[in-house]
Amino acid sequence: MSPAMATDGPALAELLLQRLERAGGGGLGSLEAAAALGLEHQQLVGAVKSLQALGEVIEAEQRSSKRWELTPEGKEIVQEGSHEARVFDSIPAEGLPQSELMKLPSGKVGFSKAMSNKWVRLDKNADGGPRVFRAVESVQDLVREKLQLVQRGDAESLEEKDKNELKKRKLLMEVNIKTYWIRKGSAFSTTVTKQETDLTPEMLASGSWRDLKFKAYNFEALGIMPESGHLHPLLKVRTQFRQIFLEMGFTEMPTNNFIESSFWNFDALFQPQQHPARDQHDTFFLQDPAEATDFPTDYLKRVKKIHSQGGYGSQGYKYDWKLEEARKNILRTHTTAVSARMLYRLAQQEKFTPAKYFSIDRVFRNETLDATHLAEFHQIEGVVADYGLTLGDLMGTLREFFTKLGISQLRFKPAYNPYTEPSMEVFSYHRGLQKWVEVGNSGIFRPEMLLPMGLPEGVSVIAWGLSLERPTMIKYGINNIRELVGHKVNLQMVYDSPLCRLDA
Amino acid sequence: MRNVTVAQASDMPTVSVKRELLFQALGRRYTDEEFDELCFDFGLELDEITSEKDIISKEQGDGKAEGASDIIIYKIDVPANRYDLLCLEGLVRGLQVFKERIKAPRYKRIMPANGGVQRLIITEETAQVRPHAVAAVLRNITFSKDRYDSFIDLQEKLHQNICRKRALVAIGTHDLDTISGPFTYTARPPSEIRFKPLNQSKEYTASEIMDLYRTDSQLKHYLHIIENKPLYPVIYDSNGVVLSMPPIINGNHTKISLNTRNVFVECTATDITKAKIVLDILVTMFSEYCEKQFTVEAAEVTYHNGKTCIYPELAYRREKVKPDLINKKIGISETPSSLAKLLTRMCLKSHVTGNGNNIEIEIPPTRADIIHACDIIEDAAIAYGYNNIQMTIPKTYTIANQFPLNKLTELLRQDLAAAGFTEALTFALCSQEDIADKLGVDISSTKAVHIANPKTAEFQVARTSLLPGLLKTIAANRKMPLPLKLFEISDIVVKDSTKDVGARNQRNLCAIYYNKNPGFEVIHGLLDRVMQLLAVPPSKESGYLIKAAEDSAFFPGRCAEIFAKGQSIGKLGVLHPDVITKFELTMPCSALEINIEPFL
């Protein structure tokens, strides 16, 4: 290697640029350039890459090509000469005993080659054992010369059979290498300015940034996500529903009581004691504490009467109403149990005042579990109590509520609920599914529920309910409810979930 | 069908009818969409369009369906209180009246021409097991295969719904010409009852019958109703022939066939009101096929105390509702005569009385669901068409308030996320193991409420701590890059004898840090941050402090109790290696759990 050849990056890169300038528009190959500059190919590739990082100075197109390279033994021969030449050189005029010659590093290989080249001869009958003599005055070390050609990057000038012969002797090998075809870029220049990675406080202080060049950013790459916590998607939706109710003037009910008596969960709602929802298969009953102990006595009597005998214009259910059934503690099956408590409390006011209530909280069902049903889910409920509310008012309220959810096309189907009459299921047109899907349940609470509480006769209470999980699953495209609710949630999904804007 | 929103699952019965038969009975054809629309307006739901073949291949595989009928079947969801729509006959009658193609028939009870009314005598013994019975006769009925199937199917639908799986009422129908009255409804020890049950070839005692049906996919569900009673109910004819052993099985002797002309219907019950409804429904639906259409022959039931009743009641009740009230409740303004017409379309024959100030409505025996004026008003609204009602916004003016505990929760959630913790949402129900064994405490030392009827161990108790749920969340997310920082603000449940139900919720905040190092300082820092957010300074007197404590869930010497507002509000620390292992975790972990209610 020429000592004049600088090996540090910028100098090398500039050498390459000068060469490229001379090569003109056609460009040049990295292999050839390395050979011409007397560099290892890898060094040149380094220079190419550093130039690429500067932007448009050069264009480099990657290619793949085959190349002859020296093996370590081949390199040794370039340095020391071929084994046969070394053997020839080591033989003095008076010859050398064969046994000693064989002890030389190149002895064995060199001897047989020198013999076949007829460079040496063997006298088997010499005194003191077989002796080797030079057979010619001088030799030309062609093997070394050929390998030198390869080392200079001039393997092409060797004949194919020579190359194969040297390959067979494990002095040459053919390797696949990645090379570049280099052309001038749009910002070509023969000098390299060192590029800065980024602004530093020192540059700002000294003002040096004005004269510096900066490395180009790769805008294709993604940034680094900020380290942060994330809110759960279902609860993000809960926040939005809460917001909607508050915007509509609804007051939040205290639903922080998962344990409820059958009385408030069913009896108060005029749900008969033999109703299938009160079955072991549908409802979680409590073993401990198994029973509720305290009820508003007079109200309880009125509830018993309305179930067993009727009253307030109702036939009742005419069955033997049992306090022990009403006492049974359960995990509430709906938040309507809390609505019943709230309406009872409202009825105890000296003078009735209109009320709008809402809640979003957990309810529990002892049901068969599947991809869309769990034993616990969140119920969203809205209630309006006032004089003279109509079915049209219920529908209008629902329209406003669902409009805020981004659902505008509604239709209403007659339905049956034990504690509302009239009752209506709310359907909305789903554009994706191209059909009407149920989005909620609603109705006007029965007089048999309201009048025993002590609410004035003319007061109507409209109410509706839906689950929080279903709109959330639709919103976030989740098919299996377990991926959303419970400990089997995929935290990556939580991390990645977008904002919740229900009307967007 | 499982309801998608909040109504409970067992609410809606489904009736399957053959489409051809339905259209034939309706006297016109509909496209599936048209029929779906009609159902929707009437409050029904065309749930599925299928065939016997489809049903079998869905339930048992394609192979079994070969040769099954591919006649189209409509599966229609019917509201749970409309027993009059549980069969083809009732559905058609309801829809035809709704579309004003026919008038609602008038059902009539008649005494037999020869005066020989069928009698059923109830003995005293039944009082202990199933005290009530009602009966009637369908005279000169003509069955066809489809009618017969519908007759059997309606009994099954009634059994599953209003009869509460035969617990409240059980229906028996018999070929009257194979037996002779008077009939006796009594109760006897199972060893003394002996007969050939329906579709069996030999006689068994009642005890043997119970054993026989223990593995029967349908009947096994009813055995418990009488199994442990000393006496079983049984009905005999005057010759000692067993009609039925309610609520389990009829005798084979009285089995009805396509050729049966006279049917004796009996319903035994623990609830007499429901028995009367069931009998009325069955006979009103099928008297259509009697020689004298819509007439039912009376039967006389005599209780042991001598009290005698004539059934079926087939009672028509009259109600008066003011047109003004109907209009006001719905939000429409129809004339009284128009309202009467709407109600008549719902099988509630109505007319205007008292100078147009009142509407008199006749409630037929088929409409036991009409128990209050509000039920009548709903029918008027359905006939008017829910979707024709003008939507209005109530004038109700109210000021909204947040529930303070939820308001605090919402605010804290935002800032915990801002502090780098991710929100989890875990179940309120869990196993005893989760809240006790795995945390190194005995279940009896927790104040947990226990569930009486959990289907699996996952629902044994309500959680008394949020920690197990967060640990399980981490266990399910072990592949996620560390550290994992989670929090949850939600309710736990504890027993509390001062509450009417003996338990109360408590709003807890729990946070957890899971990494290669325990990170106590991270969790401690979070506590400091939470207190800062709550404007509680670190101070012995008026602020918060932590004191070394022992807790089986935490590593000894790495646990502290948190005091604020003059009380203990929770603990923080490095979790005990046993706890970490039991929740199938492999890294050190620190946690914090506090009650946030003192900060309201």
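Every chain is numbered from 1 and lettered A, B, ... according to where its sequence line falls, protein lines coming before strand lines.
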Which atoms of [X] come close to chain B, meaning under 4.5 Å heavy atom to heavy atom: side chain ones, backbone ones, both, or neither?
| X | answer |
| --- | --- |
| Phe427(A) | side chain |
| Thr336(A) | neither |
| Arg238(A) | side chain |
| Val494(A) | side chain |
| Trp264(A) | side chain |
| Leu234(A) | side chain |
| Ala355(A) | backbone |
| Leu398(A) | neither |
| Asn329(A) | side chain |
| Val384(A) | side chain |
| Asn490(A) | both |
| Ile444(A) | side chain |
| Tyr495(A) | side chain |
| Glu421(A) | both |

Choice from [options] maximising heavy atom contacts with chain B below 4.5 Å:
| options | value |
| --- | --- |
| Pro233(A), Gly313(A), Ser261(A) | Gly313(A) |
| Arg327(A), Arg242(A), Glu227(A), Lys318(A) | Arg242(A) |
| Gln274(A), Lys488(A), Glu381(A), Gln280(A) | Gln274(A) |
| Ile259(A), Asp294(A), Leu491(A), Thr293(A) | Leu491(A) |
| Leu484(A), Asp386(A), Thr397(A) | Asp386(A) |
| Ala292(A), Pro447(A), Ala385(A) | Pro447(A) |

Between Trp464(A) and Phe250(A), does the ring centre distance come in under 6.0 Å?
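For Trp464(A) and Phe250(A), the ring centres are under 6.0 Å apart.
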Between Phe377(A) and Phe364(A), is the ring centroid distance below 6.0 Å?
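Judged by ring-centre distance (under 6.0 Å), Phe377(A) and Phe364(A) do not meet the cut-off.
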Pairing donors with acceptors under 3.5 angstrom, does anything connect the side chains of [X] and [Y]?
| X | Y | value |
| --- | --- | --- |
| His372(B) | Asp375(B) | no |
| Ser308(A) | Asp320(A) | no |
| Thr390(A) | Lys329(B) | no |
| Asp361(A) | Ser359(A) | no |
| Arg362(A) | Thr255(A) | no |
| Gln414(B) | Glu410(B) | no |
| Asn257(A) | Arg332(A) | yes |

Can you see whether Phe284(A) has Arg365(A) sitting over its ring - NZ or CZ less than 6.0 Å from the centre and within 45° of the normal?
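Pair Arg365(A)/Phe284(A) does not count as cation-pi.
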Relative to the ring of His487(A), is the ring of Phe427(B) parallel (under 30°), tilted (30 to 60°) or perpendicular (over 60°)?
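Taking His487(A) first and then Phe427(B), their aromatic rings stand perpendicular (interplane angle over 60°).
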Decide yes or no for Phe412(A) and Leu394(A): does some side-chain heavy atom of the first lie under 4.5 Å from some side-chain heavy atom of the second?
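Of all side-chain heavy-atom pairs linking Leu394(A) with Phe412(A), none is under 4.5 Å.
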Counting only non-hydrogen atoms closer than 4.5 Å, does Ser497(B) touch chain A with its backbone (N, CA, C, O), its side chain (CB onward), both, or neither?
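The answer is neither part of Ser497(B).
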Chain A contacts, top residue of Asn477(B), Ile389(B), Thr273(B) (heavy-atom pairs, under 4.5 Å)
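The candidate making the most pairs under 4.5 Å is Asn477(B).
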Side chain Glu488(B), main chain Thr426(B), donor-acceptor under 3.5 Å:
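Checked: pair present.
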